[in-house]
Amino acid sequence: MSTENEGAAVPPEAGSRPAPPAPHPDPAPAVPPAPDFKPAVGTAPAAPQAPIGPPGEPAAGSGLPEPAAPAPAPAGPPPATPPASGADTARSGAWWSAADGRPQDASHGDAHEGTPGAPGGPWGAGTPLPPSDPPARKRSGGLVAALLAAVLVAGGIGGGIGYWAADREAGSDSTTISALGNPKSESRAPGSVSDIAGKALPSVVTIEAEGSNGEGGTGTGFVYDKQGHILTNNHVVASAADNGKLTATFSNGKRYTAEVVGRAQGYDVAVIKLKNASDAKLTPLPLGDSDKVSVGDATVAIGAPFGLSGTVTTGIVSAKNRPVASSDGGGGNASYMSALQTDASINPGNSGGPLLNADGGVIGINSAIQSAGNGGGLGGETQQSGSIGLGFAIPINQAKNVAQQLIKTGEPVYPVIEATVNMKDTGNGATIAGNGAGGTPAVVPGGPADKAGLKSGDVIVKLNDTVIDSGPTLISEIWTHKPGDKVTITYKRDGKQSTTQVTLGQRKGDS
C-alpha cells in the first residue's frame, strides 16, 4: 500500500468524522515543503502567498493591496495543481481504520500509516492551499483545533503523531511511521504463579523408570540438595529399583542417568541420585512448613502429567490431615499418608512432583488422586485416570524426615505401637484385632501398646486431637510422628472411653 497523498488535502472541521477516500484521476507531483519547515503536532504549513505590490497603492475599491505581476516561474517541474475547494481528503486504509474504529487493512499491520501531518497522511504537509482560501495564518488556530479533535477521536493515534513530528524535527526525511510505542517486557510480580513457576521449573525433573522386563512409567521429582539427590515417590521408581534403568531430564533438556539411594514403600517416598552430573546446575527447591499450612492457601503443582513435562497447575489446599491409603496398582503393599488435599489438577505423571505454596516453598509431594472410575484413592503412572480435583500430597515435613533417613542409611524407619488393627472396619474407629499375622498376638508383648495397657478388642477413636475412624487413618496419623514421640490415645472398651499415653517404638525397613 502506498502512503503518498493523491492531490492536496483539506482538513475536516472540528469534531467531524473524516470522509471516505475519494480517487483522484490525475495525481500531480507533490511540492516539497520549504527547507526550514518543521511541522508541529496537528498543524499544517502556511499556504504560499502571492507577491505584494508597493506599499500604499491599494487596488481600486478593494481595501486590499493590489497584487503585483506574477514573478517568473522557477526552473524545474511545475507546481502541483490544487484540487477544487472542498475536495475529499485522501487517506490510507490504515488511518481510516484507526480513526473510525474499523479493522485494519489485512495487508498492513501498522495502524499509523497515513498519520495526519505526514506527506502520506490525510492532511498532506507541504501541499499548497487553494488561492481562494483565506491566508493560512488566520486559519491556523481552527486547523489545530480540527486536527486535535481528530486525534481525540482516533484515541491512541496521538502517540504516533507525536513520534512522527519528533522524528521530522530531528532531521529525518523518512515518512515511515513506527509502531505505537515500544512494547515493554512484562514484569512478573513476586509471588505470582509465573514467578513461582519460573523459579521452580529448573529444579524439577521428569523421571523415566524402566524395569528389567521393559515395563515402567513416567513420573516427576525435584532437586533436594546440591549433591544431586532427587526426591520423588516410591511408586515412580519401584519398577527400576532392581536392575532397571532410571533417567532424569531437566527443563533445559539435559538428561542424566540415576540410581536409587533408598525408598520407603509405606511412606511412598524415594530418593534417587544423578550420575555423572558434574555439569548439572543443581538448585534445591526451598522447603516450606506443612504444619503451618491452612485450608484455602494457594497451591502450585508441577509435574509431567501423561508425559507432558513442565506442566504447571494451580489450586488451593482443600483439606489437611486427610487419611489416604494408596498403591501403585501393582499388587504391592499400600502406602499410608495423612495428606494435604488440593484441587490443583494432578494426573498420572505428576506423582513425585512438588506441591508449592504462594512463597514457592515445597509443602508436599504429589502422590495420589481420587479416581472417579473406581472410587479408590489411587495415584500411579500405570493407572490412566484423570483429575477430578481431588489430589493428595505427602506433607513435606514428613517426607523430609524420610528422605534424611534414606540418604543416611538407605532404609526407612517407621514409628509403631506394635498392635495389629482391622483395616476393613471404618466409621467407628480402629479396632485392635484378635490375632496378629500367622496367629501371633495382636498386641506384641512388651511393646508400646502393651505397656500402655491396650488389649485386643479395644477401639481407638483418637490419637492426640485427631479423630480416628479406621485402621488406615490410625496408621497414617502414627506415621506423621517419629519413634520415641509420646502420643495420647483415646479408646473405648466395653462401652467405656479411656485415654492412655503411648511412647512410639520403631520398625526398620519395609519387610
Side-chain angles (χ1 to χ4, degrees), residues 207 209 216-221 231-239 241 263-271 290 299 301 303-306 315 317-355 363-399 401-403 406 412 414-415 421-426 430 466 468-480 510:
I207 298 174
T218 301
T220 307
L231 194 55
T232 185
N233 282 142
N234 171 67
H235 73 261
V236 169
V237 303
S239 62
R263 57 195 187 98
Q265 183 175 324
Y267 293 118
D268 197 16
V269 172
V271 176
S290 53
T299 59
F306 298 102
V317 174
S318 302
K320 295 177 60 177
N321 304 318
R322 186 72 79 191
V324 174
S326 67
S327 73
D328 60 5
N333 294 329
S335 300
Y336 301 95
M337 68 186 86
S338 182
L340 296 175
Q341 180 182 326
T342 181
D343 64 347
S345 183
I346 296 174
N347 288 284
N350 274 105
S351 290
L355 184 69
I363 56 173
I365 301 176
N366 299 318
S367 182
I369 59 175
Q370 178 75 30
S371 172
N374 61 17
L378 304 177
E381 281 50 62
T382 58
Q383 179 180 333
Q384 298 299 298
S385 54
S387 172
I388 58 172
L390 295 173
F392 304 96
I394 303 167
I396 195 60
N397 288 6
Q398 179 184 19
N401 292 335
V402 177
L406 295 177
Y414 298 93
V421 296
N422 295 331
M423 300 301 288
K424 294 183 178 179
D425 298 339
T426 60
T466 301
I468 304 300
D469 60 2
S470 65
T473 301
L474 175 63
I475 295 175
S476 299
E477 191 60 27
I478 289 174
W479 284 359
T480 64
D510 283 310

Could you please spell out the steps behind the side-chain contact (heavy atoms from CB on, under 4.5 Å) verdict for Ser326 and Met337? CA-CA 8 Å; Ser326 67; Met337 68 186 86; 3.9 Å; yes
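- Listed by chain and residue number, Asn321, Ser476, Glu477, Thr480 satisfy the side chain to side chain contact (heavy atoms under 4.5 Å, CB included) test with Ser338 (two or more places apart in sequence, or in another chain).
- Annotation: side chain of Leu340 is not in contact with side chain of Ile396 (no heavy-atom distance under 4.5 Å).
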Test side-chain contact (heavy atoms from CB on, under 4.5 Å) on Leu231 and Ile365; report intermediate values, then the result. CA-CA 9 Å; Leu231 194 55; Ile365 301 176; 3.7 Å; yes
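- Between the side chain of Thr299 and the backbone N or O of Gly315 there is at least one donor-acceptor pair closer than 3.5 Å.
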Test side-chain contact (heavy atoms from CB on, under 4.5 Å) applied to Met423 and Ile475, step by step: CA-CA 10 Å; Met423 300 301 288; Ile475 295 175; 3.6 Å; yes
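- In this structure a side-chain-to-backbone donor-acceptor pair under 3.5 Å is missing from Asn366 to Gly352.
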Where do Ile394 and Tyr267 land on the side-chain contact (heavy atoms from CB on, under 4.5 Å) test, with the steps shown first? CA-CA 8 Å; Ile394 303 167; Tyr267 293 118; 5.8 Å; no
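- Ile478 is not listed as a side-chain neighbour of Tyr414, based on a closest heavy-atom distance of 4.5 Å or more.
- The backbone N or O of Asp268 lies less than 3.5 Å from no partner atom in the side chain of Asn234, so there is not a single donor-acceptor pair.
- Looking at residues two or more places apart in sequence or on another chain, you find a ring-ring contact (aromatic ring centres under 6.0 Å, His included) between Tyr336 and Trp479.
- When atom types are taken as modelled, the side chain of Thr220 and the backbone of Gly349 share a donor-acceptor pair closer than 3.5 angstrom.
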